[in-house]
Amino acid sequence: MLEDPPTRERRELVQQLQATVHPEEGEIPAFIFSHPLVYELEQERLFGQVWLFLAHESEIPEPTDFVVRDLAGQSVVVMRGRDGVVRAFLNMCRHRGMPLCRTDQGRQARFVCPYHGFTYNDRGELVGVPFHKEVFGSALDQSRLGLIAPRIDSYAGLIFGTWNEAAPPLAEFLGDMRWYLDLVVNRAEMTVVGPPQRWYVDASWMLAADNFIHDSYHTMYTHASIAKLGMVPSADYSKYGYQIECGHGHGLNLGIPSPEFVFCEELREEYAARLSAEQYQVLSQLKNMVGTVFPNLSFLVSATHFKGQPVSNTTLRLWVPRGPGRMEIWAWML
Ligand code: FES
């Protein structure tokens with residue numbers, strides 16, 4: 001019997017990967033970063049299966065606020081309903097598949113499809129069909145044609161979604177990483193500043209995700225200029241600290257000890273109240289922290305001096321795959 005070519009290609013690729021990927025020796029072949037079939041497989045078996053970051057809750061603070069995001073290659077609307085509950089919907093009309101929402105963000109209680117005018121409410125329910133009786137008679141059951149919804153859940157203001165009904169609960173997926181995420185986004189009431197910056201880079205999302213997990217080595221050369229500018233005492237600042245593996249693919253670099261407290265003095269009480277004693281102790285000595293929530297959400301906490309005072313900053317980075325060897329980067333400042 002003739003073998004289906006895509007199946008044969010996939011099988012051969014898997015054999016090639018098994019023969020060339022040696023994590024225990026720290027060796028991976030370069031082709032995985034730009035191979036079209038690797039990309040196809042990772043979209044299907046990775047991004048289509050795990051929890052992915054969608055938005056920060058402060059981006060949609062008011063009822064009917066929404067943002068449009070990417071969930072494993074699909075456009076989704078993330079929305080706070082009139083009841084205050086955050087939901088997400090596939091950005092696709094149930095009639096003939098037209099994208100419903102064509103802006104990046106906004107505030108509206110209803111979405112009207114630009115093609116034939118089907119109307120959906122803030123819960124994703126189909127509430128309006130033009131000329132319903134004349135066109136469809138009794139054949140169209142509106143109650144069955146609400147927008148398709150992925151699973152969503154949140155941790156410390158970070159909203160995640162997945163298409164996988166069988167995925168473990170978000171808290172279980174994040175696991176020990178939650179302890180460190182608390183330092184990043186839960187040490188105080190955090191809000192994002194403005195919409196995210198977005199740009200494209202001709203590189204694999206994997207390179208960026210890997211860099212943020214455990215490549216502090218590059219900073220001594222690539223970022224040596226910040227020592228020349230006097231922003232850090234010397235280019236070898238990243239030699240000090242810990243590399244931490246949290247399971248499920250999550251990991252980070254924790255740069256301690258810092259001789260000075262770099263976060264807001266005015267918020268010390270809030271930090272102490274929201275964090276455990278151990279977390280507050282780590283925060284008190286922290287200057288740099290960079291990590292990745294598997295697979296593609298990264299964070300960076302760092303500090304510099306401005307007018308003699310340490311000033312910390314916190315950013316989130318999302319490495320969105322946009323084809324083999326290409327990604328879109330989303331960056332939020334908190
Ligand atoms: Fe949306 Fe027809 S495609 S109403």
Side-chain angles (χ1 to χ4, degrees), residues 6 36 39-40 42-57 59-154 159-167 195-196 198 200 296 318 320-324 326-328 330:
Y39 181 83
E40 196 178 301
E42 73 192 12
Q43 284 297 300
E44 177 187 311
R45 298 188 186 182
L46 173 56
F47 284 85
Q49 302 300 319
V50 298
W51 289 97
L52 300 170
F53 177 69
L54 290 172
H56 189 269
E57 283 185 4
E59 293 182 271
I60 46 172
E62 301 295 331
T64 71
D65 282 350
F66 72 88
V67 291
V68 176
R69 295 292 147 85
D70 180 283
L71 183 59
Q74 306 289 332
S75 174
V76 293
V77 178
V78 183
M79 181 168 192
R80 188 178 296 278
R82 281 179 292 193
D83 56 3
V85 175
V86 175
R87 300 179 178 87
F89 315 113
L90 182 64
N91 186 16
M92 187 186 83
C93 179
R94 292 298 305 276
H95 179 214
R96 300 185 77 172
M98 181 66 66
L100 267 183
C101 181
R102 286 147 186 278
T103 57
D104 289 338
Q105 62 184 90
R107 180 179 296 166
Q108 62 190 61
R110 294 185 167 216
F111 291 91
V112 181
C113 178
Y115 200 178
H116 310 93
F118 276 30
T119 300
Y120 301 86
N121 67 10
D122 60 312
R123 292 169 174 261
E125 297 161 332
L126 178 60
V127 293
V129 175
F131 307 106
H132 186 158
K133 286 282 179 291
E134 294 95 317
V135 176
F136 298 101
S138 58
L140 188 145
D141 180 358
Q142 276 187 222
S143 68
R144 291 180 52 245
L145 291 174
L147 297 173
I148 293 167
R151 281 175 71 192
I152 64 164
D153 201 350
S154 68
I159 303 167
F160 292 79
T162 179
W163 295 113
N164 182 3
E165 285 299 325
R198 298 163 59 178
Y200 284 87
N296 66 333
L318 192 65
V320 182
R322 293 296 191 200
R326 185 162 169 80
M327 66 175 147
E328 182 179 359
W330 293 55

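Treat the numbers as computed from the prediction; the structure is a model and nothing was measured. First listed ligand is number 1; within each ligand, the first listed atom is number 1.
Within H95, the N, O or S atom at minimum distance from atom 2 (Fe) of ligand 1 carries the name ND1.
Taking 2.8 Å as the criterion, C93 counts as a coordinating residue of atom 1 (Fe) of ligand 1, since one of its N, O or S atoms falls below it. Residue H116: no N/O/S atom is found under 2.8 Å from atom 1 (Fe) of ligand 1.
The parts of F118 lying near ligand 1 are both backbone and side chain, judged by heavy-atom distances below 4.0 Å.
Atom 3 (S) of ligand 1 has R96 N, 3.3 Å as its closest protein atom, hydrogens excluded (heavy atom only).
Aromatic ring orientation, F136 versus H95: perpendicular (interplanar angle above 60°, classes split at 30° and 60°).
Checking side-chain atoms of R151 against main-chain N and O of A167 turns up a donor-acceptor pair under 3.5 Å. The backbone N or O of V50 sits less than 3.5 Å from a side-chain atom of T162, completing a donor-acceptor pair.
More than 12 non-hydrogen atoms from other residues, nucleotides or ligands lie less than 6.0 angstrom from CZ of R107.
Every atom of ligand 1 is numbered from 1 in the order shown, and the set under 4.0 Å from a heavy atom of G117 is 4 (S).
Between Y120 and the options L145, V127, L147, a side chain to side chain contact (heavy atoms under 4.5 Å, CB included) holds for only L147.
Taking each of G97, C113, P99 in turn, the one with a heavy atom nearest to atom 1 (Fe) of ligand 1 proves to be C113.
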